[in-house]
Amino acid sequence: MASFGDDGFDSNAKENQKESNALPAGDYPAVLVASEKKQTKDESGSYLKMDFQIIRGEFQNQHIFTNLNLWLAQTDEKKKMAIKIAKGQLSELCRSVGIGTPKDSTELHGIPLLIRLNVKENGEYGMQNNVTKFSPMPTAASAKEDPVVHVAGENPWA
């Protein structure tokens with residue numbers, strides 16, 4: 001048994017509430033720092049687990065994880081669609097880092113790019129980030145031509 005003191009533990013106090021680790025929605029400069037092929041929980045296939053690290057700005061060194069369902073057993077339309085979406089995302093990632101035909105996911109590591117994050121409520125885990133887009137890292141010239149580009153937390157062209 002462990003006593004919480006005379007006043008007890010106040011689970012409703014703000015300081016005792018679980019905080020979200022989700023970053024604000026936006027575009028972030030990042031690099032892929034780790035990737036591996038993992039088996040799905042139901043063992044019906046595999047996915048590519050990726051770890052991106054933010055490389056500049058307010059959230060520098062934070063990690064964002066995302067999975068691509070590239071190798072599912074194609075038994076139904078939902079899984080076929082998941083594979084199609086994952087292949088599209090991998091294609092976008094490859095083009096963003098300038099690697100047209102990688103033979104291994106490690107070829108995509110360490111090359112700066114922009115990742116676009118949204119924030120989504122995930123009941124059991126709270127607020128979470130999802131990577132919704134991969135883009136090439138803009139150059140100073142392209143930033144001047146396209147002032148709409150925004151990197152959360154900083155101006156990478158300054």
Side-chain angles (χ1 to χ4, degrees), residues 18-146 148-158:
K18 181 179 173 185
E19 287 188 32
S20 170
N21 291 329
L23 303 184
D27 294 343
Y28 293 86
V31 292
L32 180 61
V33 294
S35 59
E36 67 179 310
K37 188 175 183 177
K38 303 273 289 183
Q39 188 161 15
T40 59
K41 287 180 186 176
D42 67 2
E43 299 183 0
S44 67
S46 301
Y47 60 92
L48 180 62
K49 178 180 181 178
M50 297 184 294
D51 175 1
F52 289 91
Q53 184 174 3
I54 307 300
I55 57 174
R56 287 199 311 257
E58 178 182 356
F59 300 102
Q60 183 171 350
N61 296 324
Q62 296 244 5
H63 290 258
I64 300 295
F65 300 93
T66 192
N67 300 327
L68 298 180
N69 292 309
L70 293 167
W71 306 284
L72 300 178
Q74 296 185 26
T75 57
D76 60 31
E77 289 305 311
K78 187 176 177 182
K79 287 185 179 180
K80 288 179 186 177
M81 182 56 73
I83 293 168
K84 183 177 180 179
I85 291 168
K87 286 181 177 180
Q89 290 171 316
L90 180 58
S91 178
E92 188 176 70
L93 171 59
C94 291
R95 289 190 312 275
S96 295
V97 298
I99 307 291
T101 312
K103 302 250 187 278
D104 190 281
S105 64
T106 58
E107 293 177 48
L108 307 173
H109 290 196
I111 305 169
L113 75 154
L114 288 181
I115 58 172
R116 177 165 297 154
L117 302 179
N118 72 0
V119 182
K120 184 177 174 184
E121 173 68 34
N122 181 338
E124 100 181 70
Y125 299 106
M127 302 303 282
Q128 289 190 313
N129 286 120
N130 289 324
V131 178
T132 60
K133 182 175 178 140
F134 300 103
S135 310
M137 188 68 103
T139 62
S142 68
K144 290 175 185 164
E145 295 167 11
D146 185 8
V148 194
V149 175
H150 168 71
V151 177
E154 73 164 49
N155 179 352
W157 312 286

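Annotation: side chain of L93 is not in contact with side chain of I115 (no heavy-atom distance under 4.5 Å). With contacts defined as side-chain heavy-atom distances shorter than 4.5 Å, the pair N129/N118 does not qualify. Looking at V31 and H109, their side chains never come closer than 4.5 Å, going by heavy atoms from C-beta outward. Side-chain contact between L114 and S96: absent, with no pair of heavy atoms (C-beta onward) separated by less than 4.5 Å.
When all heavy atoms of M137 and P29 are compared, the closest pair comes out as CE-CB, 3.3 Å. Here the shortest heavy-atom pairing between L113 and S135 reads CB-O, 3.4 Å. Shown here for K37 and S46, the closest heavy-atom pair between the two residues is CE-CB, 3.6 Å. A pairwise comparison of heavy atoms in V119 and L23 identifies CG2-O, 3.2 Å as the closest pair. Considering every non-hydrogen atom in both L32 and S105, the closest pair reads CD2-O, 4.2 Å. Contact between S35 and L48 at its shortest, heavy atoms only, is CB-CD1, 4.1 Å.
Taking the six-membered ring for Trp and thresholds of 30 and 60 degrees, F134 and F52 have ring planes inclined between 30 and 60 degrees apart.
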Listed pairs under 3.5 Å, donor-acceptor, residues 79-89 side chains, sequence neighbours left out:
residue: K79; atom: NZ; partner: S44; partner atom: OG; Å: 3.1

Quiz: residues 63-71 side-chain donor-acceptor pairs under 3.5 angstrom, not counting sequence neighbours:
residue: H63; atom: ND1; partner: D51; partner atom: OD1; Å: 2.7
residue: H63; atom: ND1; partner: D51; partner atom: OD2; Å: 3.3

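To the nearest 0.5 angstrom, E121 atom CD is 9.0 Å from Q128 atom CD. Taken to the nearest 0.5 Å, the OH atom of Y47 stands 11.0 Å off from the CG atom of L72. The structure places CE of M127 at 12.5 Å from CG of N21, a figure rounded to the nearest 0.5 Å.
Residue D27 forms a salt bridge (charged side-chain N to carboxylate O under 4.0 Å, His left out) with just one option from R116, K133, R56, and that option is R116.
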Inset, instruction - I would like to know whether N130 and T132 meet side-chain hydrogen bond (donor to acceptor under 3.5 Å, both in side chains); could you show each step before the answer? - result: CA-CA 6 Å; N130 289 324; T132 60; over 6 Å; no
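Formation of a donor-acceptor pair under 3.5 Å by the E43 side chain with backbone atoms of Q39 is not found in this model.
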